[in-house]
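Taking it in order: structure first as structure tokens, then the write-up.
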2 protein chains.
Amino acid sequence: MGVRKARAAETEAALKEAALRQFAERGYLNTKITDITAAAGRATGSFYDHFASKDALLQALLADLHGKAHDRLAGQEHPPHDLTDPDQLHEHLAVAWHLMRGNRPVMIALFEQAMAAGPGAGRLWQRLTEDTQVLREHLEHLRESGRPLPGDPELVAAAMGAMLSMLAYALPGEDPGRSDDEVVGILARLLLHGLAGPDSTPAG
Amino acid sequence: MGVRKARAAETEAALKEAALRQFAERGYLNTKITDITAAAGRATGSFYDHFASKDALLQALLADLHGKAHDRLAGQEHPPHDLTDPDQLHEHLAVAWHLMRGNRPVMIALFEQAMAAGPGAGRLWQRLTEDTQVLREHLEHLRESGRPLPGDPELVAAAMGAMLSMLAYALPGEDPGRSDDEVVGILARLLLHGLAGPDSTPAG
DNA sequence: GTCTATATCGTGATAGAC
DNA sequence: GTCTATCACGATATAGAC
């Protein structure tokens, strides 16, 4: 790779990094093209030599993320889980939580983007159901095994996803008094046994 | 009230109604002042004779809602509940759900408004904790009674609120195959006994 | 490829006749 | 109070020199 291309790649990377920082600070919608270029120490016009729009930039960031995720998860099996097993549910939630929190800027951007389209478009609902598809399949598997689910797997999965993603978005970036593990633990207990807790006496 | 004032009030009401329709269809952020005036059959300039801005209009709508809610809830007692009682939890969720779903346009607007401020501002988290304050107090009451909660009442309450509000926002307006009662029932069961269900065998 | 300067556009908000 | 016409501004996107 020549020095010209190298410099270009450097600028592109600088723009991406700057965008991530800006998204985390100001949110996606509030971040202007000039905010990104300024934070990257480049001129406004340079942006368009690398990305057609803010939306295209987000797609590129998402592609990077998919690449990373693919590398990490490559070759991993994903057999049907039993989500009523405490360890498996906890593990499942932990993976989802760290994925979202570890890529918070992109998550924020996608969230706001889907939101800005308005609720009528139904894009948020679509995203919610797509992103919880694996979860839904696990729930359906449970139901087929004769387990009494709270209700329609699609809705239950969406409800869990809604809770997760909304919390991941809303929770302050660095919460001194609340660790990720603590949050995951609480959510796991809530989703496994509810407010009544594991010691609730069955009705029958 | 004179006819002049009556006509003015009529216009104001028309603007409000038009705004509600537009918010539900296009979302708050996407709705332009001209969308509202056009839908109300008025001129653009008339908007500013009644509201200083789109934000001020939203505040007015919110005030209307508070007025209605106050009328409905006036004189009602609100003693400490036991949220681990199936009926009480169900009732609690039903009230919250119907409040959100019955005033979906305003809810959508508030949601998008808080969101557009970006996550850094922490306004969404603030809203979430404020709106679930009553819930939190009930949970704290439970904890003081010796009940084993899944974790910190503030976080558990926020998690429940996140699930509720996100679903209320994302779920399509008119879902033919899924009634409000069905949704409330599912959420109540999920939050009461979790995925394991009421028949899970206690550890001890 | 990167820069400076600027064209273009959508939208919020106002002025002034009626 | 309502209207038409218009301004003012911020942000996107482009042009052209280097």
Side-chain angles (χ1 to χ4, degrees), chain A residues 1-23 25-61 108-109 112-113 115-118 120-121, chain B residues 1-23 25-61 108-109 112-113 115-118 120-121:
Chain A
M1 186 185 287
V3 298
R4 295 171 63 93
K5 275 201 168 180
R7 277 188 60 89
E10 203 175 307
T11 295
E12 187 169 314
L15 288 172
K16 281 181 180 175
E17 287 165 21
L20 291 177
R21 264 181 286 134
Q22 296 295 307
F23 292 168
E25 286 175 23
R26 328 156 82 93
Y28 177 73
L29 300 175
N30 275 333
T31 297
K32 311 306 171 192
I33 305 288
T34 52
D35 294 328
I36 298 173
T37 53
R42 313 289 157 142
T44 308
S46 290
F47 181 89
Y48 295 94
D49 288 324
H50 298 271
F51 309 102
S53 63
K54 192 169 67 172
D55 196 271
L57 165 61
L58 177 55
Q59 296 311 315
L61 291 172
I108 287 168
E112 293 188 14
Q113 188 190 38
M115 185 99 147
Chain B
M1 186 184 287
V3 298
R4 294 170 64 93
K5 276 201 170 182
R7 277 189 59 88
E10 203 174 307
T11 295
E12 187 169 315
L15 288 171
K16 282 181 179 174
E17 288 165 21
L20 290 177
R21 265 181 285 133
Q22 296 295 309
F23 291 169
E25 287 174 21
R26 327 157 83 94
Y28 176 73
L29 299 174
N30 275 332
T31 297
K32 312 304 170 195
I33 306 288
T34 52
D35 293 329
I36 298 173
T37 53
R42 313 288 158 142
T44 308
S46 290
F47 181 89
Y48 295 93
D49 288 323
H50 299 272
F51 309 101
S53 63
K54 192 169 70 169
D55 195 271
L57 164 61
L58 177 55
Q59 296 311 314
L61 291 172
I108 287 167
E112 293 187 13
Q113 189 190 39
M115 188 95 147

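So that the names make sense, note that chain A is the first sequence line, chain B the second, and so on, each numbered from 1.
- Distance A:R42 CZ to C:dT4 P: 12 Å, rounded to the nearest Å.
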Does A:L15 form a side-chain contact (heavy atoms from CB on, under 4.5 Å) with A:L57? I'd like the steps, not just the answer. CA-CA 9 Å; A:L15 288 172; A:L57 165 61; 5.7 Å; no
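- With contacts defined as side-chain heavy-atom distances shorter than 4.5 Å, the pair B:T34/B:F47 does not qualify.
- At the phosphate of C:dG1, neither OP1 nor OP2 sits under 4.0 Å from any side-chain N or O atom of A:S46.
- Distance CZ (A:F47) to C1' (D:dA11): 13 Å, rounded to an integer number of Å.
- Atoms CZ (B:F51) and C1' (D:dG1) sit 14 Å apart, rounded to a whole Å.
- Closest to the side chain of B:A43, from the set D:dC3, D:dT2, C:dC3, is D:dC3.
- Across B:A8 and B:H50, no two heavy atoms sit closer than the pair O-CE1, 3.3 Å.
- The nearest whole Å value for the distance from the CG atom in A:L29 to the C1' atom in D:dG10 is 16 Å.
- Atom-to-atom, CG of A:D49 to P of D:dA15 comes out at 12 Å; the value is rounded to the nearest Å.
- Applying the 4.0 Å criterion to OP1 and OP2 of C:dG1, one finds that A:T11 has every side-chain N and O outside that range.
- The shortest non-hydrogen separation linking B:E12 to B:F51 is CG-CZ, 3.6 Å.
- For residues 27-36 of chain A, the pairs satisfying salt bridge (Lys or Arg N to Asp or Glu O under 4.0 Å) are A:R26-A:D35, with sequence neighbours left out.
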Look for any protein N or O under 3.5 Å of an N or O in nucleotides 12-18 of chain C and output each such pair with its distance, or none.
| from | atom 1 | to | atom 2 | distance (Å) |
| --- | --- | --- | --- | --- |
| C:dG12 | OP2 | B:I33 | N | 3.4 |

Take B:D55 and B:Q113 through the side chain to side chain donor-acceptor pair (under 3.5 Å) test and state the conclusion after the steps. CA-CA 9 Å; B:D55 195 271; B:Q113 189 190 39; 2.4 Å; yes
